[in-house]
Structures are given as C-alpha cells and as structure tokens.
Amino acid sequence: MSADDDKYPGESGRRRFVKGVVGGAALAGVGATGSAAVNSLTTSPGKGGGQTQAMAIENTDGPAPRGMPQIPVEIDSDGLIKGVWPEVKTETQGGVQIKVAEMELGGQTYSSEWFQYCGVETYQGIQPTYESQNYFHVGSSPAYQWQSEQMSAGDRFNVDLFSNYESWGNGVGVQGLGKPATGNWRSQDTEDTIPVTILRSPVIEQLAEDGQARGADGETYEVPSNVQTWLQASTAQGFMAWLNKCTHFCCVPKWKSEGGVKFNAANEVYCPCHQSIYEPFSIVPTLFTARPRPSE
Ligand code: FES
C-alpha cells in the first residue's frame, strides 16, 4: 500500500452508528460476552474481579470479543490532561476484605475492574491504592509523528498540543476527525506500562453536547441519552481516552493506521495482529468478567 493510496481510501461500506444500531449492538455485546466469560472467574483465585460493565469503544469487526474500555479524562487548571482514577474503598467479597477503586460517574459505575484483562490486572498501576497523579505521559516511541516532533519521552499532555484537532490528519482516511496521541498512564516508576490512546475530536465534543454529530468523514454519529450523560462526565473539551490493549490477544491497535486502509478502517482503530476494528465514536456498555488481581 503506497502513501498515495492511503490518502484516497475507497468509500466506506460500513454501517452508520445511528441510534437504533448503537442500542442493538450494546445489547448483543452484553449477552455474548457475559455468558462466555463466567467460567474464568470461578477458577481464578485472587481479588476484585468478576462481572463488570465497562463503557468501551465498540468492536465492529474482527475476532476481538468486545470493545476497549474508556478511561475518563479531566483537564487540570494548567491545561494538563489526566485520567480519572476511581475512589478507593474497602469491600467484603466472599468474606474477605478487599480494596476496590470504584465510583459513580455519569450514570455508570466506573471501576478499576474495567482494565482487568490481558494481564493488566497484574500491573502495579492497576492496583487500587497505587499512588499516581494520574497524568498521561508520552512514551519513548509514540505512534504519531507529531508527537516525536513536539514531545520528549515522559512529557505530559497539554491541551495546547491539540489545538489543531479540527484539521489534523496523517494522510490516512480523512482529515478533521480529531487529533490522536499515544502514551501511558499510572506507569511512572513501574515495570509494566499501561498503554493509552488519547483522542481530541470534534465528534466527541458534539456527541457530549448534543448526542449527535456529523463527522468530517460524512458519517452521522448518534448516541442514546445515557451514553451522552456518560460522555459529558468522561470527556472534556472533546478529549477522550481508552486503554489501548486489544481485547482479542492483547496487541496494541492504532487509530488511523495505514494497515487499516484495506480493511475499510482508515478512520477507525485497527489492530494489526488479527484485523480487529474498533470505532471510537461509538461508545457502548460492555459486560464482561474482569480477571481478579493476584493475591498478595
Ligand atoms: S485482533 Fe488479535 S490481538 Fe488484536
């Protein structure tokens, strides 16, 4: 695939994410993943796992069983972007007291269990009491060229870096859908890195404000009112973030990846390992069984 080909992707044949479709997909996701995952819970010793409903960017194609979980974002008074970590509480599960990080946010129960898959449940940063300021930091090899040009490893993300979010493009798909970045979260001074994608998009901004949006790709996006309420609480100034670990076999996907062009995913998140595709502008409730954290 040449660079020129990437600039002129064919007409996308994928379906539109209008209200009815989003609702249906959400329900289907709950049924399918809920029943498939129950067994792993009963055989895994450990803490703080189990049935949980995460808000996720929808998996629309490929073998991945469900979407990737969103990380709610907030912007501090200096314009730095951080992920929200839920409040830490002590709960009794099976007669044993355990620490959980869980809070009500935008009509949803937001929990650290959202990120307990693919081994992430063993990472230090996912332990409820791990101390972090929760800022996103850029890693040593970011996925987008603009980051390599403007940022150094370890830098935090300021909103100013995204001021051209309504016109940004990388030659893949259409311009103007948003500006992405890759980084990590709650991973300073830890062995394991929690990979994240941050995306500032006019579509997310409009969905939070109006519940519907028309993207630069000509697509109409619409979310039900409960998802709009969630987006109002979990995004800020058009910024959203998600744990960038494919729910299939844990690879690292990419939004606007050259590899996704021939799979009609030039404007979506594409996983190069087995061609799973995710739609960041379709946020769906996703029921799954979070893996328990290892016992200490
Ligand atoms: S599609 Fe298999 S790891 Fe992503």
Side-chain angles (χ1 to χ4, degrees), residues 1 6 9-10 12-15 17 25-26 28-41 44 49 52-71 113-123 125-126 136 139 141-144 170 172-173 177-178 180-185 187 191-199 240-292:
M1 182 70 55
D6 291 354
S12 164
R14 71 189 170 86
R15 60 193 168 84
F17 295 97
V30 165
T33 54
S35 56
V38 168
N39 285 341
S40 63
L41 176 67
S44 303
T52 189
Q53 179 175 287
M55 297 303 277
I57 67 167
E58 189 183 5
N59 167 236
T60 57
D61 210 345
R66 62 179 185 274
M68 291 185 286
Q70 230 186 300
I71 300 170
E113 294 179 349
W114 290 20
F115 312 117
Q116 293 182 198
Y117 68 96
C118 271
V120 177
E121 68 276 4
T122 67
Y123 292 8
I126 232 65
F136 298 119
S141 50
Y144 299 99
N170 64 347
V172 178
L177 270 179
T182 60
N184 55 68
W185 183 50
S187 302
E191 280 175 23
D192 302 299
T193 299
I194 300 174
V196 302
T197 294
I198 302 161
L199 174 60
M240 70 181 301
W242 64 86
L243 176 64
N244 201 37
K245 272 257 188 213
C246 185
T247 59
H248 181 224
F249 284 157
C250 316
C251 284
V252 176
K254 181 181 174 184
W255 187 62
K256 285 191 171 291
S257 158
E258 287 187 9
V261 173
K262 69 177 174 189
F263 297 97
N264 259 340
N267 295 314
E268 282 85 16
V269 178
Y270 170 75
C271 182
C273 294
H274 314 92
Q275 289 72 54
S276 283
I277 296 169
Y278 301 86
E279 171 56 76
F281 306 136
S282 177
I283 305 299
V284 291
T286 301
L287 188 65
F288 76 108
T289 300
R291 295 177 62 86

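No experiment lies behind these values; they were computed from the predicted model shown. Atoms within a ligand are numbered from 1 in the order they appear, just like the ligands themselves.
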Checking the side chain of Trp255 only, and the main-chain atoms of Asn267 only, is there a donor and an acceptor separated by less than 3.5 Å?
yes

For Lys254, enumerate each residue passing the side chain to side chain contact (heavy atoms under 4.5 Å, CB included) test, keeping only those at least two apart in sequence or located in another chain.
Ala143, Tyr144, Ser257

Using the ring pair (Phe, Tyr, Trp, His ring centres under 6.0 Å) criterion, which residues pair with Tyr117? Sequence neighbours excluded.
none

Considering only the SG atoms, does Cys271 lie under 2.5 Å from Cys246?
no

Phe115 meets the ring pair (Phe, Tyr, Trp, His ring centres under 6.0 Å) criterion, sequence neighbours left out, with Trp185

Protein N/O/S atoms closer than 2.8 Å to atom 4 (Fe) of ligand 1, ordered by chain and number, come to Cys246 SG, Cys271 SG

Any chance the side chains of Gln275 and Tyr270 put a donor and an acceptor closer than 3.5 Å?
yes

